Amino acid sequence: MSLKQLDGHTILIGLMAYPIRHSMSPTMHNHAFEKLGLNFAYLAFEITNDKLPKAIEAIKTLDMRGSNVSMPNNQKVIPYLDKLDPATEMIGAVNTIVNDDGVLTGYTTDGTGMIKSLDDEGIDIRGKKMTLAGAGGAGTAIAIQCALDGVKEISIFNRDDEFFQQAKRNVELINEKTDCKATLHRLEDKEDFKNEINSAYIYADATSVGMKPLEDQSLVNDPSWLRKDLVVFDTVYAPRTTKLMEVAQKAGVKQVFDGLGMMLEQGAAAFKLWTGEDMPVDYIHNILF
Ligand code: NAD
């Protein structure tokens with residue numbers, strides 16, 4: 001926002017996380033406010049778990065419109081909120097808080113952001129099968145939101161680490177509460193992984209593989225695993241071309257996407273919740289990249 005625009009009526013939105021100084025969200029939202037002439041300001045606050053209760057109380061005290069939350073607060077914040085939207089309740093993590101006259105509601109916009117970014121590219125995953133690697137924050141939001149939004153079948157893979165139990169929980173919840181059929185798989189079973197990718201419409205990677213310090217790695221290394229008409233989606237957006245995307249390009253896959261669209265659209269979804277306005281996504285994209 002420009003100085004011209006800040007005045008006694010400016011409405012504050014926060015970002016509560018730690019570490020957070022590297023975040024692109026303040027630049028994204030403040031440029032969007034300025035472009036649309038909205039009298040809002042977005043500021044990042046270094047908030048660890050111990051500061052969280054007072055920080056959330058401050059949203060009400062200062063009459064802020066809301067806040068984003070990120071690591072390490074996405075799950076810890078839930079007891080301090082008044083309500084969760086139904087998808088967020090299933091996901092069990094929050095990235096956006098909206099303050100409606102003192103009532104704080106938690107949302108997660110990563111899953112809707114991922115689906116919107118694909119819609120924007122003319123890719124409709126509803127009624128289709130997805131094979132998904134990962135069950136951390138991003139993987140859980142994607143799995144639950146896709147199941148709620150009409151994806152027909154999801155094969156969820158995770159390696160044998162602390163996130164495997166989350167993968168199990170996601171599968172159980174999807175089968176219990178949605179019309180989507182979810183199945184649980186181990187990433188270590190390469191033959192199973194290859195077959196599930198081969199029978200899917202979209203393969204989505206929501207693991208940390210491909211991102212620093214694992215930027216030289218991909219869970220799929222053999223181009224013959226990837227059909228040309230498969231949709232390949234990597235949640236990572238730095239580097240812009242991940243190892244998985246290189247393998248997909250080598251395989252001749254026509255529709256290969258990184259996580260940049262998801263990142264912009266999760267921000268746009270939060271922006272819409274706070275302001276009621278559509279973020280000028282193309283304009284913001286040009287500013288950030
Ligand atoms: P997280 O720590 O919550 O989950 C990490 C996941 O990666 C787990 O499923 C874990 O089992 C898996 N994993 C980690 N190392 C692995 C390895 N060596 N082999 C196989 N699996 C491995 O992290 P997160 O917040 O869910 O982030 C996951 C990815 O999603 C990151 O690459 C992040 O950049 C990306 N992300 C993108 C967006 C976006 O808007 N595009 C938003 C959030 C996260």
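In what follows, residues are counted from 1 in the order of the sequence shown. Whatever order the structure lists ligands and atoms in, that order sets their numbers, starting from 1. Nothing here was measured: the structure is a model prediction, and the numbers come from that model.
Here's the thing with A135: one of its N/O atoms is less than 3.5 angstrom from an N/O atom of ligand 1. Residue G137 places at least one N or O, backbone or side chain, under 3.5 Å from an N or O of ligand 1. Residue D110 has no nitrogen or oxygen atom sitting less than 3.5 Å from a nitrogen or oxygen atom of ligand 1, judged on distance alone. Not a single N or O atom of F163, backbone or side chain, sits closer than 3.5 Å to an N or O atom of ligand 1. Any N or O atom pair closer than 3.5 Å counts here, and G259 shares at least one such pair with ligand 1. Annotation: T235 places an N or O atom under 3.5 Å from an N or O atom of ligand 1; distance criterion only.
Here the protein heavy atom with the shortest distance to atom 44 (C) of ligand 1 is A138 CB, 3.6 Å. The closest protein non-hydrogen atom to atom 4 (O) of ligand 1 is G136 CA, 3.4 Å. What sits closest to atom 19 (N) of ligand 1 on the protein, heavy atoms only, is V209 CG2, 3.4 Å. The single protein non-hydrogen atom nearest to atom 9 (O) of ligand 1 is N158 OD1, 2.8 Å, given as residue, atom name and distance. Here the heavy atom of the protein found nearest to atom 11 (O) of ligand 1 is D161 OD2, 2.6 Å. With hydrogens left out, the protein atom closest to atom 23 (O) of ligand 1 is S208 OG, 4.3 Å, a heavy atom.
Checked against the 6.0 Å centroid criterion, the rings of F45 and Y18 do not qualify as a close aromatic pair. Taking the six-membered ring where the residue is Trp, the centroids of F257 and F233 are separated by 6.0 Å or more.
Heavy-atom proximity to L187, at under 4.0 Å, picks out these atoms of ligand 1: 20 (C). Ligand 1 places these atoms under 4.0 Å from at least one heavy atom of G134: 9 (O). Listed by atom number, the atoms of ligand 1 under 4.0 Å from V236 heavy atoms are 32 (O).
Minimum heavy-atom separation, I13 to M64: C-CE, 4.1 Å.
R126 places no side-chain N or O within 3.5 Å of a backbone atom of G150 that could act as its donor or acceptor partner.
Take F193 and apply the ring-ring contact (aromatic ring centres under 6.0 Å, His included) test, not counting sequence neighbours, and it matches F157, Y203, W225. Applying the side chain to side chain donor-acceptor pair (under 3.5 Å) rule to D229 yields the partners R227; only residues at least two apart in sequence or on another chain are considered.
At most 12 non-hydrogen atoms from other residues, nucleotides or ligands lie less than 6.0 angstrom from NZ of K83. By the 6.0 Å contact criterion, CG on N198 is enclosed, its count of non-hydrogen atoms from other residues, nucleotides or ligands being greater than 12.
The line from CD of Q217 to OG1 of T207 is 9.5 Å long, rounded to the nearest 0.5 Å.
Under the 4.0 Å criterion applied to side-chain N and carboxylate O atoms, K128 and E153 are not assigned as salt-bridge partners.
Across K212, E162, E265, M262, heavy-atom proximity to atom 42 (C) of ligand 1 is greatest for M262. Evaluated by nearest non-hydrogen atom to atom 6 (C) of ligand 1, the leading choice among T140, T207, L260 is T207. Compare R159, M211, Q217, M263 by their heavy atoms: the one nearest to atom 18 (N) of ligand 1 is in R159. The nearest non-hydrogen atom to atom 28 (C) of ligand 1, considering only A133, A206, S70, G267, comes from A206.
Using a 4.5 Å cut-off on side-chain heavy atoms (C-beta onward), L43 and L15 make no contact.
A cation-pi arrangement is found for K35 relative to Y283, the charged atom lying closer than 6.0 Å to the ring centre and inside a 45° cone about the ring normal.
Contacts of Y237 with ligand 1, taken as heavy-atom pairs under 4.0 Å, involve the side chain alone.
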